[in-house]
Amino acid sequence: MREQRSEAGAQDVHAQTFSRGRGSGGGREQLAVPRAEFRSYYGRAVLKTPVWEWKIAAYLFAGGLSGGSALLAAGADLTGRRELRRVGRVGALASLVASMYLLIADLGRPERFHHMLRVAKPSSPMSVGTWILSAYGPGAGLAGAAELMPSALRGSAPGRLLAASARPAGLSAAAFAPGVASYTAVLLSQTAVPAWNAAHPYLPFVFTGSAAASGGGLGMLLAPVAEAGPARRLAVLGAGLEVAASRLMERRIGLAAQAYTSGKAHRLRKPAEYLTVAGALGAVAGGRNRGVAALSGLALLSGSVLQRFGVFEAGVESTRDPKYVVVPQRERLDAGRPARGDDRGPQFPRVVAAARAARGAAARVIGAL
């Protein structure tokens, strides 16, 4: 038989666990050890690590570069800068093709992109982003193809038609370029990944600034200095927006900021900031020198690449450490808010409200027929 614990032994265990308050608490029992801070269930991860590979981080960069280049190409076209226009259009097309390849390669099956076109859901960043890419792609493709068209075909009827459609196509691509540059940030911030979700007010500005900086950097790297004035201005504006939004994000998103300021993400994003600032300073101080302009453009492109990979790594790391999930949940519960933090509403409330109103009106009209 198991030996029964004696009464004295039980009292010893009780004495080790509790202490009698003899001060102002009187005979009230108090814990002898501090309360344990609940962080997870036996240290296990709460969320699954994203299955996305490096291709998605590269896709984020390529899509942003395409949007920034298309915007730059449209401005160059309207101001008569032919070489800068060519660099922007070809850069937009090449980076768009690269981004689509990376996206489809990560999806595994090309038809999955087609399946996303079956519905249009304004409250879904994935659905909105798919339609933005579908609207942006033809314009960027036609404008880029017009620049790459061989001279022998320019005099033919198809060649003349393509050349005539280049400007409208380029302007159409430029109209959708800001959406292409920023929708991926909205897509990431709507996931359950803590580092991305907490940064939802700032991540679109980081990505948009990074896209503008990379587009301007490409123009500085490949276009003649005499025509690269708009590229320099776009690069400086984008770099300033990216660095300011990134710093603001690190200071205001609370615990999730540790995912950006530590580990592999920090090792990527810190040189990204240095390169971006150096490229912007080079554009301002020595952008009219061919060597300085090329080095500054290369620095801006490198900074944009590292920024996207750093944001990607911060999100992956935040799913591995359960504190990024549990601690904010506890804080929301203590504040009387839902633990899931889903009370903030849609990312674009006015767009969603307008789309829902239009859908309701269309349903009433169809019902009345």
Side-chain angles (χ1 to χ4, degrees), residues 47-68 70 95-96 98-110 112-137 176-212 214 242 245-246 249 253 256 259-260 265 304-305 307-319 324 340-342 344-352 355:
L47 298 173
K48 289 184 177 180
T49 301
V51 296
W52 295 336
E53 300 177 352
W54 63 269
K55 299 183 188 71
I56 290 299
Y59 156 73
L60 299 177
F61 163 73
L65 176 60
S66 182
S95 52
L96 175 64
S99 68
M100 296 303 296
Y101 167 78
L102 292 165
L103 177 61
I104 293 174
D106 188 79
L107 289 175
R109 291 162 50 190
R112 288 179 176 175
F113 184 84
H114 170 266
H115 294 343
M116 289 188 289
L117 296 175
R118 293 179 176 178
V119 296
K121 189 176 181 182
S123 59
S124 169
M126 176 69 77
S127 178
V128 172
T130 302
W131 283 101
I132 288 176
L133 278 178
S134 300
Y136 169 81
F176 291 102
V180 172
S182 61
Y183 94 90
T184 50
V186 180
L187 176 63
L188 293 180
S189 65
Q190 291 298 301
T191 65
V193 177
W196 298 338
N197 187 273
H200 73 277
Y202 311 101
L203 211 53
F205 295 97
V206 175
F207 276 28
T208 302
S210 179
S214 62
E242 177 188 352
S246 181
M249 176 182 70
I253 63 174
Y260 293 96
S304 182
V305 171
Q307 177 70 260
R308 304 306 175 99
F309 273 82
V311 170
F312 179 78
E313 289 295 335
V316 172
E317 181 60 30
S318 68
T319 61
Y324 293 113
R340 291 173 54 188
D342 54 0
R344 70 187 190 203
Q347 186 79 12
F348 302 112
R350 294 184 179 178
V351 175
V352 173

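We use all heavy atoms of the structure for the numbers below, so side chains are in, but hydrogens, waters and symmetry mates are not. Because the structure is predicted, anything quoted here is derived from the model rather than measured.
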*Carefully, step by step, assess Leu188 and Phe312 under the rule side chain to side chain contact (heavy atoms under 4.5 Å, CB included).*
CA-CA 9 Å; Leu188 293 180; Phe312 179 78; 6.0 Å; no

_Go through it in stages, so that I can follow the logic: the residues are Phe309 and Phe61, the test is side chain to side chain contact (heavy atoms under 4.5 Å, CB included), and I'd like the CA-CA distance, side-chain angles, deciding distance and then a yes or no._
CA-CA 8 Å; Phe309 273 82; Phe61 163 73; 5.6 Å; no

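- Across all their heavy atoms, Pro178 and Ser182 have their closest contact at O-OG, 2.8 Å.
- For the residue pair Pro194 and Ala256, the shortest heavy atom distance occurs at O-CB, 4.1 Å.
- Heavy atoms only, all atoms of each residue included: Val206 and Gln307 are closest at CG1-CD, 4.0 Å.
- Here the closest heavy-atom approach between residue Leu60 and residue Arg308 is recorded as O-NH1, 2.6 Å.
- Considering every non-hydrogen atom in both Ala199 and Met249, the closest pair reads CB-SD, 3.5 Å.
- Under the side chain to side chain contact (heavy atoms under 4.5 Å, CB included) criterion, Val193 pairs with Pro50, Thr191, Trp196, Ser318, Thr319, sequence neighbours left out.
- Considering every non-hydrogen atom in both Val180 and Gly63, the closest pair reads CG1-O, 3.5 Å.
- Contact annotation: the side chain of Leu133 approaches that of Met100 to within less than 4.5 Å [non-hydrogen atoms, C-beta and beyond].
- Two residues are said to be in side-chain contact when any heavy atoms from C-beta on lie closer than 4.5 Å; Tyr59 and Thr184 meet this criterion.
- A donor-acceptor pair under 3.5 Å is formed between the side chain of Thr208 and the backbone N or O of Pro204.
- Using modelled atom types, no side-chain atom of Asn197 and backbone atom of Ala192 make a donor-acceptor pair closer than 3.5 Å.
- Two residues are said to be in side-chain contact when any heavy atoms from C-beta on lie closer than 4.5 Å; Ile56 and Leu102 fail this criterion.
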*Checking side chain to side chain donor-acceptor pair (under 3.5 Å) for the pair Tyr136/Ser66: CA distance, chi angles, key distance, verdict?*
CA-CA 10 Å; Tyr136 169 81; Ser66 182; 2.6 Å; yes

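- With hydrogens and angles left out, the side-chain atoms of Ser246 and Tyr260 include no donor and acceptor closer than 3.5 Å.
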